[in-house]
Amino acid sequence: MTPPQGGSPESELAARRAKLARLRAAGLDPFGARFAQDDHAADLVRDFEARTGQAARVAGRVMTVRVHGRAAFADLQDASGTIQIYARVDKLGEGAFEGFTELDRGDHIGVEGTLMRTRRGEVSVEAGAWTMLAKGLRPLPEKWHGLRDVELRYRHRYVDLIVNPEARDRFLVRARMVTAMRRFLDARGFVEVETPILGSMAAGATARPFTTHHNALDMDLHLRIATELHLKRLIVGGLERVYEIGRDFRNEGLSWRHNPEFTMLEVYQAFADYEDIMRLTEEMVADAAIAATGGTKVTFRGHEIELAPPWRRLSMLAALREQLGVDVLAASDDEVRAAARTKGVDVAGASTRGQVIDACVDHLVMPRLIQPTFLMDHPVEISPLAKKRQDDPRVAARFEPIVGGFELGNAFTELNDPDDQRERFLEQAAERARGNDEAHPYDEDFILALEYGMPPTGGLGVGIDRLAMLLTGAESIRDVILFPLMRPE
RNA sequence: GGGCCAGUAGCUCAGUUGGCAGAGCUGCGGACUUUUAAUCCGCGAGUCGUGGGUUCGAGUCCCACCUGGCCCA
């Protein structure tokens, strides 16, 4: 069958398949074998002065081909970057040169040759031989606009990664950030652990869980919404300093800062309090920013943000007093609700006083906190796992790190009094009975663990995806999650 | 869940008042032994998101739906 002459999708695929067939007919494997990738593009460019004239072996994906009759150029992209390949018929021979000119954008090849610089100054590998490593059968997106369609970028992330360097860079920044956080915590004696994702009860946060079913036990299970209560059990067990970086699942809507599955870092340090955790947080984030981006300044949603410690400490009650005009501890429920309405906060859906306060914080306080701020000392009623402050038992020893107007995490001096914890759970159960299906469940075994004795402990949760957004300047959480949730096509 | 916007060639995008479906890149053929968005000549390329409706005639107007984005809840 002769391939169609046109450039329709069919003919373009057919043209590539025809080339595939020609390779096979010539006894060549279009999906070749191991290739000793001795060199990477960026290294050759960097070390050009020392290595010019020497042998080089590179492998990667052909991104452009420029044929000039008896000579040809190709840009080869590998994980490190791009380097030009220079091919001449008198170096390669007729057959190998002819094959080189038939390369398509998207093919993987291996090249061995000599490092040189062209007349125009481009560092290149002059090919002495080349091998097809994987024939690309699908045309790649256009070479200078790349792939813009966000739906295609999410659904076919591999194409996004091939053609959009900024997409690749975001995930490299994220990886360096996570590595740095592990190194930071490991260096301070924290132990990385793994706790269950499946459980009979999803506890430790205010959220609706996903439900699944275990067939053999014939029981419904929930996917975790937090790792908190398991990690605190490990503090009871004497591990003293633990952390987990893992996926949490919350059965909620999607937004620029919410994905149903997301990555959370939780850290617990025995014999510490939330003041210690504030220092740990600002140091860890600044350290991760330097490791991932080279500095502590980031640009996020149009704001220049300085992440270097110390971060601002701001009392939530003071902030609310300023923005709302009432003391939410002294005021009645109705007064708080009325003040919220006056300020334009929609509290129609808020059934409890805590939810009204949350809405006010979300709409009046957080958007104003661009530079890193520890928003601290929340009302106890919205902090069921945090210890009360000794000087004012209506206030929890809790903080949320706010940067760029949104919360990066949540932390407190952990509640280690089992009787107080039981009361808080009962209050949550009462809220649940009033119709708040996000209220914390009563975790009997966790109370039992606390009765064995949990030392005073400071704890922290950090949204890894959100921190990655901050460090990469991403506008949407989907830009820092490799394969965000999509409806089926 | 509500509002607004988008979906046209593999990709990036035009498409006027309802009147033959367009460009660039990509692809194919040709010229070219230092180009780099290579250049030059030539040729192709479509389920206009899906399904209905109005109309002599629909990419364009109307309705429903699908997918995505933004905003709100």
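By convention in this document, chain letters (A, B, ...) are assigned in the order of the sequence lines, proteins followed by strands, and residues within each chain are numbered from 1.
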**Report entry** Any A:Arg120 side-chain nitrogen or oxygen under 4.0 Å from OP1 or OP2 of B:U36
**Finding:** yes

**Message:** So for A:Glu122 and B:U36, does any side-chain atom that can act as donor or acceptor lie under 3.5 Å from a complementary atom in the base?
**Reply:** yes

Would you call the rings of A:Phe406 and A:Phe300 parallel, tilted or perpendicular if under 30° counts as parallel and over 60° as perpendicular? parallel

What's the gap between B:A31 and B:G19 when it is taken at their C1' atoms, as a whole Å value?
42 Å

Base of B:U35, side chain of A:Thr118 - is there a donor-acceptor contact under 3.5 Å?
yes

Margin query: Counting the atoms with a prime plus P, OP1 and OP2 as sugar-phosphate, which does A:Lys19 contact under 4.0 Å by heavy atoms, base, sugar-phosphate, or nothing?
Written below: sugar-phosphate

Base, sugar-phosphate or nothing for A:Val163? Non-hydrogen atoms, less than 4.0 Å. nothing

Paired to B:A58 by Watson-Crick or G-U wobble criteria (both distances under 3.5 Å) is none

From CG of A:Leu485 across to C1' of B:G69 the rounded distance in Å is 16 Å

Checking N1-N3 plus N6-O4 or O6-N4 for Watson-Crick, or N1-O2 and O6-N3 for wobble, each under 3.5 Å, the partner of B:U67 is B:A6

I'd like the P distance from B:C65 over to B:C11, given in whole Å. 27 Å

Across every strand shown, the nucleotide meeting Watson-Crick or G-U wobble geometry with B:U12 (both distances under 3.5 Å) is B:A23

Sticking with atom P, work out how far B:U50 lies from B:G59, rounded to a whole angstrom.
-> 11 Å

Expressed as a whole number of Å, how far does the C1' atom of B:G18 sit from that of B:C48?
-> 15 Å

Next item on the list: Under 4.0 Å between any heavy atoms, over every strand shown, what does A:Arg153 touch: base, sugar-phosphate, or nothing? Just pick one.
Entry: nothing

With A:Glu102 as partner, the option from A:Lys135, A:Arg16, A:Arg22 fulfilling salt bridge (Lys or Arg N to Asp or Glu O under 4.0 Å) is A:Arg22

Result for 5'-nearest mapping on RNA chain B, choosing between A:Gly69 and A:Leu103, is A:Leu103

Between A:Phe412 and A:Tyr274 (judged by ring centroids, cut-off 6.0 Å), do the two rings come close enough to count as a pair? no

Here the distance between atom P of B:U34 and atom CD1 of A:Ile83, to the nearest Å, is 20 Å

Pick base, sugar-phosphate or nothing for A:Arg487, based on heavy-atom distances below 4.0 Å to the nucleic acid.
sugar-phosphate

Separation of B:C32 atom P from A:Phe100 atom CZ, nearest Å, is 19 Å

Separation of B:C11 atom P from A:Met63 atom CE, nearest Å, is 15 Å

Per nearest nucleotide of RNA chain B, the residue lying toward the 5' end, A:Gly253 or A:Glu475, is A:Glu475

* Would you kindly check if the NZ (Lys) or CZ (Arg) of A:Arg478 is within the cone defined by 45 degrees around the ring axis of A:Trp256 and under 6.0 Å from the six-membered ring centre? => no

Under 4.0 Å between any heavy atoms, over every strand shown, what does A:Asp346 touch: base, sugar-phosphate, or nothing? Just pick one.
sugar-phosphate

* Asked: Where the side chain of A:Trp130 meets the backbone of A:Ala96, is there a donor-acceptor pair that is under 3.5 Å apart?
  -> yes

If you take atom types as modelled and just measure distance, does the side chain of A:Glu151 reach the base of B:G7 with a donor-acceptor pair under 3.5 Å? no

Original post:
Looking at A:Phe73 versus A:His68, is the centre-to-centre ring distance below 6.0 Å?
Top reply: yes

So does A:Val328 get a backbone contact from the side chain of A:Arg353, meaning a donor-acceptor N/O pair under 3.5 Å?
yes

C1' atoms of B:G3 and B:A21, separation to the nearest Å: 33 Å

Point to revise | Nearest-angstrom distance, C1' atom, B:G52 to B:A45 | key: 30 Å

Any A:Arg119 side-chain nitrogen or oxygen under 4.0 Å from OP1 or OP2 of B:U33 = no

Using a 4.0 Å heavy-atom cut-off across all strands, classify A:Leu152 as base, sugar-phosphate, or nothing. sugar-phosphate

A:His68 has its side chain closest, among B:U33, B:G68, B:C11, to B:U33

Quiz item: Taking the C1' atom of each, how far is B:C63 from B:G24, in whole Å?
Solution: 36 Å

* To do: Can you tell me, in whole Å, how much space there is between the C1' of B:C66 and that of B:G30?
  => 46 Å

Under 3.5 Å donor-acceptor pair, A:Arg66 side-chain atoms to B:U35 base atoms
yes

Phosphate OP1/OP2 of B:U26 contacted by A:Lys143 side-chain N/O (<4.0 Å): yes

